[in-house]
Amino acid sequence: MSSAAPSDKREVLPSNVTPLHYDLEVEPNFETFKFDGSVKIDLKVNEKDVDTVQLNLIDIEIHSAKIGSADAEVSFDKENQIAEFKFAEGTLSQENVRLDIVFTGILNDNMAGFYRAKYEDKLTGETKYMATTQMEPTDARRAFPCFDEPNLKATFDVTLISNDSLTHLSNMDVKTESVKDGKKITKFNTTPKMSTYLVAFIVAELKFVENKDFRIPVRVYATPGNEKDGQYAADLTAKTLAFFEKSFGIKYPLPKMDNVAVHEFSAGAMENWGLVTYRVVDLLLDEENSTLDRIQRVAEVVQHELAHQWFGNLVTMDWWEGLWLNEGFATWMSWYSCNAFQPEWKVWEQYVTDTLQHALALDSLRSSHPIEVPVKRADEINQIFDAISYSKGASLLRMISKWLGEDTFVKGVSEYLNKFKYGNAKTEDLWDSLSKASGKDVRKVMDIWTKKVGYPVITVTENGNEITFKQNRYLSTGDVKDDEDKTLYPVFLALASKDGIDSSLVLDEREKTIQLKDSRFFKVNGAQSGIYITSYSDDRWAKFGEQSNLLSVEDRTGLVADVKALSASGYTSTTNFLQLISKWNKEESFVVWDQIVNSISSLKSTWVFEPQDVKDALDNFTRELVSKKAHSLGWEFNASDSFATQRLKVTMFGTAAGAKDPKVEKVALDMFEKYISGNKKAIPALIKPIVFNIVARRGGVENYEKIFNIYNNPISNDEKLAALRTLGRFKESELLERTLGYLFDGTVLNQDIYIPMQGMRAHKEGIEALWKWVQTNWDEIAKRLPPGLSMLGSVVVISTSGFTSLKAVEEVKAFFEKKSTKGFDQSLAQSLDTITSKAQWINRDREIVEKYLEDNGYFE
Ligand code: BES
Ligand code: ZN
């Protein structure tokens with residue numbers, strides 16, 4: 001069989017047969033790191049005179065393949081990850097046949113397929129392994145030969161065999177378990193019809209905690225000694241399943257729900273039906289010793305994966321270009337349920353600083369892609385698990401839910417789920433259900449938003465009470481060309497005024513003019529529900545500075561984010577941004593503050609290679625904005641503090657610390673000293689990462705050792721992560737070298753490689769050292785993080801996007817010109833665009849910023 005030449009066509013298996021049922025048996029071997037397997041696949045034969053069957057596999061050795069007593073001749077197309085079985089004529093003449101394959105696979109250490117995850121036994125200190133799976137998107141084929149496409153759904157019977165001391169888990173509950181000659185054989189019940197990427201099985205030493213509030217057993221499993229930290233997630237799982245059942249009117253169809261903490265895990269979590277797997281820190285929680293971000297993250301991840309049990313597992317995208325139907329929905333739904341459970345978290349306000357900004361940032365790059373993007377090959381599929389599928393997808397759903405009303409939206413969505421359950425759906429199917437529920441032509445409005453890349457900037461010009469809105473494609477580089485500016489997006493203008501939000505105005509042409517009764521106060525994109533940026537005149541920005549009391553939290557947050565983006569891309573002067581935030585120094589909402597602080601960080605990271613006196617002046621500016629507030633709020637955290645107060649204290653303390661506030665620095669160093677001397681309560685958990693950073697800024701090998709020691713003997717997972725990230729924050733070159741050395745010598749797990757890198761990316765010395773190291777060690781990095789995993793792309797982005805000059809763009813390009821960029825070409829292009837836009841911002845506004853800082857007395 002010859003390998004197919006690259007083509008524009010989706011690379012799918014031939015449709016001559018369809019899988020109906022898999023009977024899969026696997027036995028991992030923890031000595032050889034291989035597994036023996038057999039799979040019997042019931043096939044429906046769709047054509048006459050079929051004599052070949054093609055299916056997917058990688059790194060699997062076939063021992064035999066038979067239909068009845070007929071043996072197949074096997075050939076492989078490695079490039080396309082396909083095996084072809086050729087049978088004698090007549091073998092497949094029946095309507096249904098059973099293909100029986102015996103094979104051996106590799107229990108690999110690449111976090112893909114059926115793999116081994118290494119860990120240290122908490123109780124004995126021994127090195128051990130768990131055997132676990134990660135199939136999405138296209139690695140089920142590493143675990144067993146299969147028809148590895150999301151719309152080739154089938155039922156599965158899984159059997160696991162191992163030493164009888166180990167726990168066996170799979171998607172379903174246990175049908176029979178027997179022990180023979182010290183070997184345990186567990187047969188699981190038959191799954192519903194499902195996609196291969198959702199199959200999961202685990203063989204490991206595990207313990208669990210559970211919650212019994214829900215109809216079916218809900219458990220959290222972890223390696224012994226860790227399970228106690230699973231109670232938070234177990235309780236939340238029970239609550240969330242009940243909530244989603246009620247919201248969608250569809251029962252969770254499986255007989256149990258297990259969540260498992262997996263050592264060495266490439267993503268954050270994976271929604272395998274009935275057996276969700278997680279990175280340890282995203283599931284297990286020691287509430288006493290965690291930051292608020294961590295608690296919210298665990299809550300978000302759990303609810304996200306549980307939302308997938310309906311969106312993705314029950315109804316699956318027809319093909320990967322519909323990935324947003326999985327990820328966009330799971331993202332939206334996690335906020336939806338979180339908002340119901342923890343209204344004080346104000347997640348829909350946080351959405352504006354978080355999800356929406358991620359979407360806008362990535363989609364402002366020339367190298368972005370539409371929500372529905374044609375993907376053909378396995379190595380392209382991995383790359384669309386990005387802020388477009390997740391965040392732009394979720395932002396689009398938010399836009400629709402605001403348009404139709406949340407109840408109507410959820411009703412339409414529930415109808416969609418009912419109609420396509422146990423099957424597959426396309427984006428148009430969703431539009432049809434939403435149209436039916438709302439009576440509005442949803443497809444007409446939304447098609448452009450999913451099929452076209454980008455989003456518009458709405459330029460608002462004023463002539464007295466006459467207001468003109470004009471839309472153009474927005475690029476962060478501010479250099480959109482005519483042929484890139486052809487799309488006219490249907491834009492909900494949602495004009496906010498003193499009378500509330502006028503939802504009737506839609507801009508679906510290039511330009512539109514309206515008359516306002518009173519133009520003293522208005523704001524476009526009320527509640528910041530639309531996916532666009534609004535550009536106003538200098539006068540209008542100045543007016544907003546005085547009108548914060550007329551604007552909602554979402555609106556204030558949105559204005560700060562917009563004016564910063566517009567400054568960066570040259571639509572407005574950076575002065576407007578600096579003036580607006582300095583006017584809003586009385587702000588009370590932690591969400592608005594988070595946006596102000598994020599936006600300042602973005603300016604500072606663009607200015608990171610500028611002269612020290614300018615950077616000091618920026619710190620002075622920041623201190624004037626936050627220090628007084630930070631000091632008056634303080635750094636003691638009381639049980640009586642509301643969530644909002646705690647968040648605000650953390651943000652203010654952290655920002656003052658980042659701007660070198662001497663009082664905060666001293667407090668932090670004192671806390672650290674006490675902590676190191678044995679008082680484990682000396683640093684409030686919520687601000688521990690900030691305190692560690694101040695210590696790293698102090699520098700010195702002694703401090704480094706202290707942080708390193710915390711990394712090795714942490715009191716919580718969250719602390720361990722904070723220490724690891726801090727190791728990248730030290731500026732001395734020998735300390736940076738040390739940290740880089742830990743990435744490969746086993747000190748840092750492959751799954752965590754990007755964490756110290758994030759620390760390095762935060763300062764000039766780190767950015768330079770990291771990029772140098774990546775170039776020197778590229779071959780090893782590529783070997784450890786195979787292109788099938790999205791981690792390689794993340795490493796490329798983290799290690800290049802810190803730069804801020806056009807020269808760096810050329811240098812990065814030149815380096816990768818000679819390398820294969822398979823599996824991360826998109827990430828690389830996006831990083832280059834990011835650097836370019838920073839370079840243009842600073843070249844354009846260098847003097848303007850200096851002048852502002854000078855005029856306002858921020859130079860010392
Ligand atoms: N389906 C994904 C996991 C995944 C990611 C598989 C990339 C293959 C490639 C899962 O539902 C997910 O989205 N996890 C997120 C967490 C979520 C809260 C955004 C993650 O892993 O970070
Ligand atoms: Zn997801």
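If you're wondering where the values come from, they're calculated on a predicted model, not measured in any experiment.
When the options Y474, W449, Y455 are evaluated for a ring pair (Phe, Tyr, Trp, His ring centres under 6.0 Å) with Y489, the one that passes is W449. Paired with D479 under the rule salt bridge (Lys or Arg N to Asp or Glu O under 4.0 Å), one option of R473, R844, R366 passes, and it is R366. None of F311, Y351, F409 except one satisfies the ring pair (Phe, Tyr, Trp, His ring centres under 6.0 Å) rule with W332; the exception is F409. Only one option out of T574, T575, T606 pairs with D845 in a side-chain hydrogen bond (donor to acceptor under 3.5 Å, both in side chains); it is T574.
Between the side chains of T316 and K153, at least one donor-acceptor pair of N or O atoms lies under 3.5 Å. A donor-acceptor contact under 3.5 angstrom links the side chains of Q309 and N313, judged on distance only. A donor-acceptor contact closer than 3.5 angstrom is absent between the side chains of Q830 and D386. Side-chain contact annotation: S801 with R761, donor-acceptor N/O pair under 3.5 Å present. Side-chain contact, Q595 with T353: no donor N or O sits under 3.5 Å from an acceptor N or O.
Of the possible polar contacts, one joining the D441 side chain to the K444 backbone as a donor-acceptor pair under 3.5 Å is found.
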Take K392 and D363, measure what salt bridge (Lys or Arg N to Asp or Glu O under 4.0 Å) needs, and give me the verdict at the end.
-> CA-CA 8 Å; K392 194 181 181 191; D363 211 20; 2.7 Å; yes

Worked verdict on R443 versus D447 for salt bridge (Lys or Arg N to Asp or Glu O under 4.0 Å) | CA-CA 6 Å; R443 186 196 288 222; D447 242 6; 5.5 Å; no

Q826 and E380: side-chain hydrogen bond (donor to acceptor under 3.5 Å, both in side chains), yes or no, with the steps?
-> CA-CA 9 Å; Q826 293 273 346; E380 295 175 338; over 6 Å; no

Worked verdict on F469 versus L493 for side-chain contact (heavy atoms from CB on, under 4.5 Å) | CA-CA 9 Å; F469 307 99; L493 289 173; 3.8 Å; yes

Do Q303 and S337 pass the side-chain hydrogen bond (donor to acceptor under 3.5 Å, both in side chains) test, and can you show the C-alpha distance, the side-chain angles, and the key distance before you say yes or no?
-> CA-CA 7 Å; Q303 290 169 83; S337 64; 2.5 Å; yes

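For L365 against S476, the heavy-atom pair with the smallest separation is CD2-OG, 3.6 Å. Between K411 and A437 the shortest heavy-atom distance is NZ-O, 4.1 Å. Shown here for D833 and S367, the closest heavy-atom pair between the two residues is OD2-OG, 2.7 Å. Here the closest heavy-atom approach between residue S391 and residue T355 is recorded as CB-O, 3.3 Å. When all heavy atoms are compared, the tightest approach of I467 to V460 is CG2-CG1, 3.5 Å. Looking at every heavy atom in both residues, S504 comes nearest to D502 through OG-OD1, 2.7 Å.
Taking the ring centroids of F824 and F816, they lie under the 6.0 Å cut-off. Residues Y197 and W320 bring their aromatic ring centres within 6.0 Å. Aromatic rings from W335 and W345 are positioned such that their centres are separated by 6.0 Å or more.
Listed by first and then second residue, the salt bridge (charged side-chain N to carboxylate O under 4.0 Å, His left out) pairs that reach into residues 533-558 are E462-R540, K523-D555, E546-K583, R556-E587, sequence neighbours excluded. A salt bridge (charged side-chain N to carboxylate O under 4.0 Å, His left out) check over residues 559-575, counting only residues at least two apart or in different chains, returns nothing.
The closest side-chain heavy-atom distance from I533 to L566 is below 4.5 Å. Counting only heavy atoms from C-beta outward, the side chains of M399 and L397 never approach each other to under 4.5 Å. Counting only heavy atoms from C-beta outward, the side chains of V445 and W403 approach each other to under 4.5 Å. Inter-residue side-chain proximity for L488 and Q471 is flagged as met; some heavy-atom pair is nearer than 4.5 Å.
Note on ring orientation: taking the six-membered ring where Trp is involved, the planes of Y390 and H304 are parallel (angle under 30°, cut-offs 30° and 60°).
A distance of 13.0 Å separates CG of D407 from OG of S438, quoted to the nearest 0.5 Å.
Ion pairing of D485 with R510 is present here, as a side-chain N (NZ or NE/NH1/NH2) and a carboxylate O approach within less than 4.0 Å. Checked for salt-bridge contact, D432 and K419 miss the test: no charged N lies under 4.0 Å from a carboxylate O. Between E372 and K426 there is no salt bridge, since no side-chain N of the basic residue sits under 4.0 Å from a carboxylate O of the acidic one. Note on K481 versus D483: no salt bridge recorded, every NZ/NE/NH1/NH2 to OD/OE distance being 4.0 Å or above. Remark: E11 does not engage K376 in a salt bridge, criterion side-chain N to carboxylate O under 4.0 Å.
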